[in-house]
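Everything on this sheet refers to the single structure shown next.
Excluded from the calculations below are hydrogen atoms, water molecules and symmetry mates; all remaining heavy atoms, backbone and side chain alike, are included. Throughout, residue positions are numbered sequentially from 1 according to the sequence presented.
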Amino acid sequence: MKPHKEKQDTFLGGLIKVNKIIRKRPKDSSKPKSCSCIYKIRVDQSEKVVCKKAFCFLFGIHKSRVERIIKSMQNNIPSPVDKRGKHFNRGNSKSEKTIFQVDTHIRSLPAHESHYSRNKNESVRYLSSDLNMYKMYELYMLKYENENWQQVLENKNMKPNLSYDFYRRYFLTNFKLSFGYPRSDTCQVCDKLQNLIKVETNEELKNKLQTEKQLHLSKAEVLFLNTC
């Protein structure tokens, strides 16, 4: 498995919403669906709903890969990972399922690049200024541990299944994200190209996207220097 494939699957999973089938039509002779899915793409800081075919086409992936991701999401099973150096038999360790959910949740939050930063720290991406670490943790608990979280809110002596300290530590260890990006200092074009580059498996198309992004960055930098 390619080292970046796990991250690609996690990113794609964050753009798919899996819903249970509430009502089934008895007259339908075809094989009943186990779920219904909503597929989204991010364009200009907003999410657009697309069909499965368009979703596969835009990210250059086969539908079988999407179906595998959906099946994993239904069962809360993470993508296969390299377990070398990871000790899950420790008493205070979290399950792969929990780690997968935390990672998926963080990656599902829109993040943006800044290409006018004078620090030239190109690896840092920026989350919305409306977010902070504790708000992210609350959103996670509401999505994955809602029942437990409501009990914690009612009984302050009760401990949550996932602690805030663990969520915060995982975030700081595995992500280079910051809060409160300056809106005038972000680029929607770069964000869109970077997302496409992350999930593109065709090397020729990936190189074209990287070249397009580099040309856009160069133009943006010239424009910025002319305004200084």
Side-chain angles (χ1 to χ4, degrees), residues 1-18 35-74 77-82 84 100-117 120-128 174-178 181 183 185-225:
M1 178 181 289
K2 293 182 180 180
H4 62 275
K5 189 173 183 297
E6 178 190 346
K7 292 183 178 180
Q8 291 178 357
D9 287 354
T10 302
F11 173 79
L12 293 169
L15 296 174
I16 302 173
K17 183 178 181 181
V18 180
C35 66
S36 64
C37 300
I38 298 175
Y39 305 91
K40 297 179 180 179
I41 59 172
R42 296 197 183 109
V43 180
D44 298 337
Q45 295 186 338
S46 63
E47 292 185 339
K48 307 292 184 183
V49 177
V50 297
C51 66
K52 183 179 180 180
K53 186 175 181 180
F55 186 82
C56 294
F57 175 78
L58 289 169
F59 289 112
I61 56 177
H62 195 271
K63 66 177 183 179
S64 61
R65 184 175 179 183
V66 174
E67 290 167 358
R68 176 177 56 77
I69 293 172
I70 292 171
K71 187 175 181 180
S72 296
M73 292 173 67
Q74 284 182 285
I77 299 174
S79 302
V81 295
D82 185 354
R84 290 174 297 179
F100 171 71
Q101 289 176 170
V102 171
D103 195 90
T104 300
H105 180 258
I106 295 173
R107 291 184 189 281
S108 69
L109 300 171
H112 305 277
E113 288 185 336
S114 166
H115 40 88
Y116 305 138
S117 173
K120 296 295 182 182
N121 194 348
E122 298 177 359
S123 61
V124 176
R125 291 167 64 80
Y126 296 86
L127 295 167
S128 169
N174 296 280
F175 293 89
K176 290 186 177 181
L177 293 169
S178 185
Y181 60 84
R183 296 184 183 277
D185 195 22
T186 60
C187 178
Q188 297 171 2
V189 175
C190 286
D191 294 332
K192 180 181 178 181
L193 290 171
Q194 184 59 34
N195 286 338
L196 292 174
I197 290 170
K198 281 183 178 180
V199 299
E200 182 56 63
T201 57
N202 185 297
E203 289 300 323
E204 185 177 352
L205 291 176
K206 181 179 286 189
N207 290 334
K208 287 182 179 180
L209 289 169
Q210 289 173 336
T211 301
E212 185 178 347
K213 181 185 175 184
Q214 192 58 46
L215 287 172
H216 182 74
L217 281 168
S218 300
K219 291 178 181 178
E221 189 169 335
V222 170
L223 179 62
F224 173 70
L225 291 174

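Taking both residues in full, the closest heavy atoms of P110 and L127 are given as O-CD2, 3.4 Å, listed atom of the first, atom of the second, then distance. Considering all non-hydrogen atoms of both residues, G13 and M73 come closest at O-CE, 3.4 Å. Taking all atoms of both residues into account, the shortest heavy-atom contact from I197 to Q210 is CD1-CG, 3.7 Å. S108 and H105 get closest at one heavy-atom pair: OG-O, 2.6 Å. In terms of heavy-atom proximity, R42 sits nearest to G14 at NH2-O, 4.4 Å. Taking each heavy atom of V18 and C37 in turn, the nearest pair found is CG2-SG, 4.1 Å.
In this structure, the side chains of I38 and E47 stay at 4.5 Å or more apart for every pair of heavy atoms.
Here CG of L58 is found 13.5 Å from NZ of K48. Values are rounded to the nearest 0.5 Å. Expressed to the nearest 0.5 Å, how far CD of Q8 lies from OG1 of T10 amounts to 10.0 Å. Annotation: the span from I106 atom CD1 to N174 atom CG amounts to 7.5 Å, rounded to 0.5 Å. Atom CG in L15 sits 5.0 Å away from atom CZ in F55 (nearest 0.5 Å). Note: K208 NZ to L196 CG = 14.0 Å, rounded to the nearest 0.5 Å. F175 CZ to D103 CG: the interatomic distance, rounded to the nearest 0.5 Å, is 4.0 Å.
Screening I70, V49, L12 for a side chain to side chain contact (heavy atoms under 4.5 Å, CB included) involving Y39 leaves a single residue, I70.
Although no hydrogens or angles enter the test, the distance criterion places a donor-acceptor pair under 3.5 Å between the side chain of K206 and the main chain of E200.
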